[in-house]
Visitor: 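Quick one: structure below, then a few questions.
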Amino acid sequence: MASWADLRRYCRKNLVFVKEGSNHTVYRHPGTGELVIVSRGSGEIGKHKFAEILKNQLGITKDEFNKGL
């Protein structure tokens, strides 16, 4: 399972930075224009939440996510 740090690392490499807040960082998906809001929390992302982020916000599979790290 991925952590919030893994998701932030993926977003820094593959998405466009928009702004940073005290609790989250916002990125824009270059292909779709979709905003992706990433928590600055630590620890693991829940299985269902991570699947939702991959499918609905990033539009990628778990294998594509792992290759993008």
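For reference, positions follow the sequence shown, starting with 1.
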Visitor: Step through the shown structure and confirm whether more than 12 heavy atoms of other residues, nucleotides or ligands are within 6.0 Å of CG on N23.
Guide: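 Atom CG in N23 is not packed in, count stays at 12 or less.
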Visitor: Checking the side chain of R28 only, and the main-chain atoms of G33 only, is there a donor and an acceptor separated by less than 3.5 Å?
Guide: yes
Visitor: Where do A2 and F65 come nearest, in terms of heavy atoms and distance?
Guide: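 Nearest heavy atoms, A2 then F65: CB-CE2, 4.1 Å.
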Visitor: Which value, rounded to the nearest 0.5 Å, describes the distance between I37 atom CD1 and C11 atom SG?
Guide: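 Taking CD1 in I37 and SG in C11, the distance rounds to 11.0 Å.
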Visitor: Would you kindly confirm whether I53 and L35 end up in one hydrophobic cluster when ILVMFWY residues are joined by side chain heavy atoms under 4.5 Å apart?
Guide: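 Each belongs to a different hydrophobic cluster.
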Visitor: Kindly say whether G68 contributes a backbone atom to a donor-acceptor pair with the side chain of N14 at under 3.5 angstrom?
Guide: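 Checking the backbone N and O of G68 against the side chain of N14, a donor-acceptor pair under 3.5 Å is found.
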Visitor: Are K62 and L54 packed together at the side-chain level, in the sense that at least one heavy-atom pair is separated by less than 4.5 angstrom?
Guide: yes
Visitor: Atom CZ of F50 and atom NZ of K55: how far apart are they, to the nearest 0.5 Å?
Guide: 14.5 Å
Visitor: In the single-linkage hydrophobic clustering (I, L, V, M, F, W, Y; side-chain heavy atoms under 4.5 Å), do L69 and L58 co-cluster?
Guide: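 The answer is yes; both residues are in one hydrophobic cluster.
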Visitor: Check whether any side-chain heavy atom of L15 sits under 4.5 Å from a side-chain heavy atom of T25, and report yes or no.
Guide: no
Visitor: Side-chain contact, heavy-atom cut-off 4.5 Å: V26 with H24?
Guide: yes
Visitor: Using a 3.5 Å distance criterion without hydrogens, assess whether the side chain of H29 forms a donor-acceptor pair with backbone atoms of E34.
Guide: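 Looks like no, no N/O pair under 3.5 Å.
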Visitor: Is there side-chain contact between S3 and I45, with at least one heavy-atom pair below 4.5 Å?
Guide: no
Visitor: Answer yes if F17 and V36 sit in the same cluster of Ile, Leu, Val, Met, Phe, Trp and Tyr residues linked by side chain heavy atoms under 4.5 Å apart, and no otherwise.
Guide: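 Linked within one cluster.
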Visitor: Going by heavy atoms in the side chains, are I60 and Y10 under 4.5 Å from each other?
Guide: yes
Visitor: Do E20 and R40 come within less than 4.5 Å of each other through their side chains, counting heavy atoms only?
Guide: yes
Visitor: I want to check something: taking the side chain as every heavy atom from C-beta on, are Y27 and R12 in contact at a cut-off of under 4.5 Å?
Guide: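 Yes, at least one pair of side-chain atoms sits under 4.5 Å.
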